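Here's the structure we're looking at; comments come further down.
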Number of protein chains: 2
Amino acid sequence: MDIKSEQSMEQSILETAERLFLEKGFALTSTTEIAREVGCNQALVHYYFRTKDNLFNTIFEQKFRLFFQHVFELGNLDNLSFTDKLKHIIESHFDMLKANPRLPLLIISEFSRRPEQVDVLKEKLQGIPQKLFEKLNDQLNTEIAAGKIRQITLLDLLFSALSVNISLFLLIPIISQAMSINEAQQGFLIEHRKQEHVTFILNSLRA
Amino acid sequence: MDIKSEQSMEQSILETAERLFLEKGFALTSTTEIAREVGCNQALVHYYFRTKDNLFNTIFEQKFRLFFQHVFELGNLDNLSFTDKLKHIIESHFDMLKANPRLPLLIISEFSRRPEQVDVLKEKLQGIPQKLFEKLNDQLNTEIAAGKIRQITLLDLLFSALSVNISLFLLIPIISQAMSINEAQQGFLIEHRKQEHVTFILNSLRA
DNA sequence: ATTATATTTAATAGACCTATTAATTGAATG
DNA sequence: CATTCAATTAATAGGTCTATTAAATATAAT
């Protein structure tokens with residue numbers, strides 16, 4: 001509402017909309033409110049994005065990428081052991097969620113509201129994970145064959161790992177409120193859980 | 001909309017409202033729609049519950065109980081080992097979610113919308129978990145002291161256990177859509193994950 | 001300076017929503 | 001049968017929301 005004169009109105013609208021959609025979800029955020037927070041006329045929101053749906057989809061697509069692709073875009077950690085790679089995946093996924101704590105709820109709520117949206121995004125995301133996934137899968141199977149890791153599929157493993165991460169950030173608002181803990185304590189809790197998640201997953205893999 | 005003549009209108013409204021709130025959330029469900037589905041006048045919804053908030057809270061409070069108390073209402077499994085109790089908790093929590101798959105999203109969304117609501121319910125739920133929790137806690141510490149289970153707090157353990165359960169049901173709509181799996185396959189996936197969750201948690205506890 | 005183009009605003013149509021009020025129907029009771 | 005109370009409906013006030021339209025303003029280009 002202040003330094004916004006620097007950037008374009010379109011950009012301001014986008015950023016404010018993103019913040020509000022993440023805070024309150026699609027249904028409870030109105031284009032009227034977005035405009036009010038930006039400090040512009042409500043019609044301007046529709047001038048740039050025509051419909052509220054358009055605006056939301058623009059933001060959502062990018063957020064969706066962030067949410068799902070992250071796991072598979074782990075640079076080249078080629079020389080790491082499977083266990084170290086897994087540790088890295090869990091931690092970097094955790095850090096991404098820590099930086100975007102409201103992301104899981106937005107993704108899950110939106111897909112619950114419009115399941116058909118999954119298909120649209122499935123296409124756009126195709127062809128990326130395949131190779132990295134297979135590589136990781138081979139490495140896991142080698143470890144299993146060597147008796148170092150218990151019998152488990154990569155999908156099951158990743159699902160469990162990412163589940164605990166996601167649930168933490170979904171439940172933290174409730175937990176914090178219920179336990180009346182302050183900002184700082186919440187920070188400690190989060191860091192503690194990060195360690196715990198790694199320990200937890202790695203420990204569960206032992207043959 | 002048919003056999004409803006048997007039960008009272010008030011009950012019909014409550015049940016329909018529950019279904020719609022679970023399907024679409026608070027914001028996207030209108031008293032108009034509830035009345036339409038029940039087959040009564042919209043004013044009747046307000047006649048019995050005065051406000052939409054009242055109606056929602058009535059339902060929500062009961063659902064909240066279901067969601068949180070379950071863990072602590074495990075009858076008397078006194079003679080079971082800690083591991084067996086834990087297995088029972090995970091499985092019975094899982095079964096509750098399987099019977100109420102949309103519950104987690106409702107709870108989490110609602111607390112995100114109105115954080116102050118946590119306090120209201122915190123009071124109402126007080127005094128129940130304490131004893132069972134402490135008993136379980138003692139048992140865990142005994143196991144740890146005996147070197148049978150790694151160092152971990154009961155809270156951390158329960159949080160991890162319930163996290164994977166919750167995430168599964170939150171993510172299943174997305175997964176099913178993305179992987180284009182049918183009803184039956186989804187059933188298999190759920191049962192498979194139930195086993196996996198137990199294995200997973202118990203395995204992660206080994207010293 | 002003028003014209004074209006892009007940005008922004010004011011105004012409003014049209015839909016829907018919550019909540020209330022007053023009137024109507026129905027059932028039970030004296 | 002008349003009366004009373006509960007259940008139900010019709011009607012509507014008052015609000016907000018999305019989206020559009022036409023007018024106003026700013027920006028740039030000739």
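Every chain is numbered from 1 and lettered A, B, ... according to where its sequence line falls, protein lines coming before strand lines. For clarity, every value in this text was computed on a predicted model and none was experimentally measured.
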Practice problem: Check the pair B/E143, B/R150 against salt bridge (Lys or Arg N to Asp or Glu O under 4.0 Å), reporting the backbone distance first and the verdict last. | Solution: CA-CA 9 Å; B/E143 297 282 308; B/R150 74 173 171 97; over 6 Å; no

Practice problem: Evaluate the side-chain proximity of A/L20 to A/E33: yes if any heavy-atom separation is below 4.5 Å, no if none is. | Solution: yes

Exercise. Would you check if A/Y47 and A/N41 make a side-chain contact, meaning some heavy-atom pair closer than 4.5 Å?
Key: no

Starting from [atom2] on [N], measure out to [atom1] on [X] and report it in whole angstrom.
X: A/L28; N: C/dC17; atom1: CG; atom2: P; result: 14 Å
X: A/F56; N: D/dA19; atom1: CZ; atom2: P; result: 14 Å
X: B/R50; N: C/dT20; atom1: CZ; atom2: C1'; result: 12 Å
X: B/L55; N: C/dA19; atom1: CG; atom2: P; result: 10 Å
X: A/M9; N: D/dT25; atom1: CE; atom2: P; result: 17 Å
X: A/N54; N: D/dT18; atom1: CG; atom2: P; result: 14 Å
X: B/N41; N: D/dA6; atom1: CG; atom2: P; result: 19 Å

Exercise. For the pair B/F64 and B/F111, name the ring-plane relationship: parallel under 30°, tilted 30 to 60°, perpendicular over 60°.
Key: perpendicular

Quiz item: Under 30°, 30 to 60°, or over 60°: which ring-plane class applies to A/F94 and A/F169, parallel, tilted or perpendicular?
Solution: perpendicular

Taking only the side-chain heavy atoms of [X] (C-beta and beyond), determine which of [options] contains the nearest atom.
X: A/A43; options: D/dT9, C/dT8, C/dA11; result: C/dA11
X: B/L44; options: C/dT9, D/dT8, C/dT18; result: D/dT8
X: A/Q42; options: C/dT8, D/dT20, C/dA19; result: D/dT20

Quiz prompt | Residue met sooner reading DNA chain D from 5', once A/H46 and B/Y48 are mapped to nucleotides | solution = B/Y48

Quiz item: Does B/Y47 make a side-chain N or O approach to OP1 or OP2 of D/dA7 shorter than 4.0 Å?
Solution: yes

Using atom names, set out every protein N or O paired with an N or O of nucleotides 13-17 of chain D below 3.5 Å, distance rounded to 0.1 Å.
{"from": "D/dC17", "atom 1": "OP1", "to": "A/S30", "atom 2": "OG", "distance (Å)": "3.4"}

Quiz item: Relative to the 5' end of DNA chain C, which residue comes earlier, A/C40 or B/A27, by the nucleotide with the nearest heavy atom?
Solution: A/C40

Quiz item: Do you know which of B/R65, B/E110, B/E18 makes side-chain contact (heavy atoms from CB on, under 4.5 Å) with B/F60?
Solution: B/E110

Quiz item: What do the steps show when you test B/S160 against A/R193 for side-chain hydrogen bond (donor to acceptor under 3.5 Å, both in side chains), and what is the final call?
Solution: CA-CA 9 Å; B/S160 296; A/R193 284 300 303 180; 2.7 Å; yes

